[in-house]
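Before any comments, here is the structure.
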Amino acid sequence: MSSSELQRNRAVLPMSTVRELTLLTDRQIRYYEQHELITPQRGKGGQRRFSLNDIDRLLQIKDYLDAGDSTADIKELFAKAERKHQSQLDSENSLRRSLQDEFAQIARFNQH
DNA sequence: ATTCTCACA
DNA sequence: TGTGAGCA
């Protein structure tokens, strides 16, 4: 996992910041969490700590909601996107392995 | 001061 | 989804 990707997942933002960045009310943000559209971490005193990816998710939720999708629809859309992303990574790894194998073969061949 | 949970004249 | 109460 890349360094920037880790940073986007660092949950450090408090409610107040997320509220302003997304233009959503804290009431709505908690509501979406209840419906498992986001899963922010918790800090001291049980307070939510959001990451940049959480912000991104919230922005997407806003768009989908405007487009007429229900919270259940959105949850499924995210799950689908996640599965797609995962299979994408899998095929990349598989391709990388076969290339490494081929190079290893070539290297062995050149030694003889 | 801020956020959290829970309940609802 | 909004609002107010009572905590931490």
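Just so you know, these numbers use all the heavy atoms, side chains as well, and skip hydrogens, waters and symmetry mates. Sequence lines set the chain letters: A, B, ... in the order given, protein chains first and strands last, and positions in each chain run from 1.
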Expected list for residues 37-50 of chain A: side-chain donor-acceptor pairs under 3.5 angstrom, two or more places apart:
{"unit_1": "A:Arg42", "atom_1": "NH1", "unit_2": "A:Gly46", "atom_2": "O", "d": "2.8"}
{"unit_1": "A:Arg48", "atom_1": "NH1", "unit_2": "A:Glu33", "atom_2": "OE1", "d": "2.1"}

- Message: Wobble G-U and Watson-Crick pairs count when both distances are under 3.5 Å; given that, what is the 5' to 3' dot-bracket string of DNA chain B, with | for pairing to other strands?
- Response: .|.|||||.
- Message: Between A:Val18 and A:Asp54, is there a side-chain heavy-atom distance shorter than 4.5 Å?
- Response: no
- Message: Does this structure show an ion pair linking A:Arg30 with A:Asp26, if we count only N-O contacts that are shorter than 4.0 Å?
- Response: yes
- Task: Keeping the roles fixed (side chain from A:Asp56, backbone from A:Leu52), state whether a donor-acceptor pair exists under 3.5 Å.
- Result: no
- Task: Evaluate whether atom CD of A:Glu20 has more than 12 neighbouring non-hydrogen atoms of other residues, nucleotides or ligands under 6.0 angstrom away.
- Result: no
- When you check the gap from the basic side-chain N to the acidic O, do A:Glu82 and A:Lys75 get nearer than 4.0 Å? no
- Query: Does A:Asp73 use its side chain to pair, donor to acceptor, with the backbone of A:Ser70 at less than 3.5 Å?
  - Reply: yes
- Task: Using heavy atoms and a sub-4.0 Å distance, could you list which residues of residues 21-60 of chain A are near DNA chain C? By number, please.
- Result: A:Thr25, A:Arg27, A:Gln28, A:Tyr31, A:Tyr32
